[in-house]
2 protein chains.
Amino acid sequence: MATETKNGKRIFLKNEECPIRNVVAQIGDKWSILILFSLLDGPDRFNSLKTRIEGISQRMLTQTLRDMERDGYVDRTVYPQVPVKVEYELTDLGRGLAKAAWGLVSWADEHHKDIRSARQQYDKENG
Amino acid sequence: MATETKNGKRIFLKNEECPIRNVVAQIGDKWSILILFSLLDGPDRFNSLKTRIEGISQRMLTQTLRDMERDGYVDRTVYPQVPVKVEYELTDLGRGLAKAAWGLVSWADEHHKDIRSARQQYDKENG
DNA sequence: CCGTATCCCTTAAGATACTG
DNA sequence: CAGTATCTTAAGGGATACGG
């Protein structure tokens, strides 16, 4: 895990040394996971993704797709017709990531009510 | 997953409606996951955590711990001695989250080299 | 020892207008 | 249709100094 240990406890090294920081920095942003799971339903086009992911702007969709392509999660195919058609689909690496993230996502789905109530409790007790 | 579907494809509703967005927004920040896994090794004190997580500032450690306490992931115990001693430990909910995130983290650890090389390849082919 | 309070700079990201 | 370019605001987060 690119960590060292001191008396049995993990130490997390900074930036480049730590794969956790790297990957979380990539897919921990606002949109990557949503794109990832959208494409899990099959290849899709730019504007379709834009519709399916509520609130994403053109700018962020483009940018996040580029980053994901760069990291090898997504393939981009241009069909040279008029008007042009562009399809995005997951690579094997992307599907692997989605599978790995699935546990977290389904946990989130099951427990978000616990979190909500913990939050309300905390806010009631404090300011 | 708080998503609707349109011709077999998921649609991701915005903010409050979507547990994925909520949970990812919380633990997708720069520090939460590192604190989570640090505390998986057992309860720990403020300054110890600060040492074990390279590069975290006092400000962000305090703030992130507060957020995690608010969400019910962490318990905070103050021992009223001089100087004061404060211990943080995971709740059951926190341990559940860590367990759920484990798959992603170990995937990250196994595949970060694939990502690095995909990135280099992309950068070579493009600007 | 464990924080808070300020200050300030950098990055994220929304809105809008324009192009092959 | 699928972007790019530009502008502007909001949020993230580091550094430092001080307090119980």
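Taking for each of B:Pro83 and A:Gln63 the nucleotide of DNA chain C with the nearest heavy atom, the 5'-most of the two is the partner of B:Pro83.
DNA chain D contains the following stems of three or more consecutive Watson-Crick or G-U pairs, with both distances under 3.5 Å: C:3-20 with D:1-18.
A:Arg59 has no side-chain polar atom (N or O) that falls below the 4.0 Å cut-off from OP1 or OP2 of C:dA12. Close to C:dC1, at under 4.0 Å from its OP1 or OP2, lies no side-chain N or O of B:Tyr88. In this model, the phosphate group of C:dC1 is not approached by any side-chain N or O of B:Lys50 to a distance below 4.0 Å at OP1 or OP2. Distances shown here put every side-chain N or O of B:Arg76 at or beyond 4.0 Å from the OP1 or OP2 atom of C:dC2.
Set against C:dC1, D:dC1, D:dG14, the side chain of A:Val84 has D:dC1 as its closest nucleotide. Here the side chain of B:Met60 is nearest to one of D:dG3, D:dG14, C:dG20, namely D:dG14. Comparing C:dC2, C:dG14, D:dT4 against the side chain of A:Arg66 picks out D:dT4 as the nearest. Checked against D:dC1, D:dT4, C:dC2, the side chain of B:Val86 finds its nearest nucleotide in C:dC2.
B:Thr91 contributes atom OG1, which lies 9.0 Å from atom CD of B:Glu89 (distance to the nearest 0.5 angstrom). Rounded to the nearest 0.5 Å, atoms CD (B:Gln58) and CG (B:Asn47) are 7.0 Å apart.
Rounded to whole Å, atom P of D:dC1 lies 6 Å from atom CG of A:Asn47. Atom CD1 of A:Ile53 and atom C1' of C:dA13 are 15 Å apart (whole Å). As rounded to whole Å, 14 Å separates atom C1' of C:dC1 from atom CG of B:Leu65. Whole-Å rounding puts the A:Phe46 CZ to D:dC1 P distance at 11 Å. Protein atom CD of B:Glu69 is 14 Å distant from nucleotide atom C1' of C:dC2, rounded to whole Å. Here the P atom of nucleotide D:dA11 and the NZ atom of B:Lys30 are 19 Å apart, to the nearest Å. Atom-to-atom, CD of B:Gln58 to C1' of D:dT16 comes out at 10 Å; the value is rounded to the nearest Å. Whole-Å rounding puts the B:Leu61 CG to D:dA15 C1' distance at 16 Å.
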Item to check | Evaluation steps, side-chain hydrogen bond (donor to acceptor under 3.5 Å, both in side chains), between A:Thr64 and A:Asp67 | outcome: CA-CA 5 Å; A:Thr64 309; A:Asp67 290 344; 5.7 Å; no
Checklist entry - Should B:Leu34 and A:Arg21 be marked as a side chain to side chain contact (heavy atoms under 4.5 Å, CB included) after you check the CA-CA gap, both sets of side-chain angles, and the distance that decides it? => result CA-CA 8 Å; B:Leu34 300 178; A:Arg21 296 199 193 200; 3.3 Å; yes
Checklist entry - Hey, mind stepping through A:Leu104 and B:Ile27 against side chain to side chain contact (heavy atoms under 4.5 Å, CB included) and telling me if it holds? => result CA-CA 10 Å; A:Leu104 180 59; B:Ile27 70 144; 3.9 Å; yes
Next on the checklist: If you apply the rule side chain to side chain contact (heavy atoms under 4.5 Å, CB included), what do you find for A:Ser117 with A:Gln121, and how did you get there?
Outcome noted: CA-CA 6 Å; A:Ser117 63; A:Gln121 181 70 14; over 6 Å; no
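In this structure, B:Arg95 and B:Tyr73 have side chains that are not in contact, with every pair of non-hydrogen atoms separated by 4.5 Å or more.
A donor atom on one side chain and an acceptor atom on the other are not found under 3.5 Å apart for B:Asp109 and B:Ser106.
Using a 4.0 Å heavy-atom cutoff across all strands shown, B:Arg45 reaches sugar-phosphate atoms only and no base atom.
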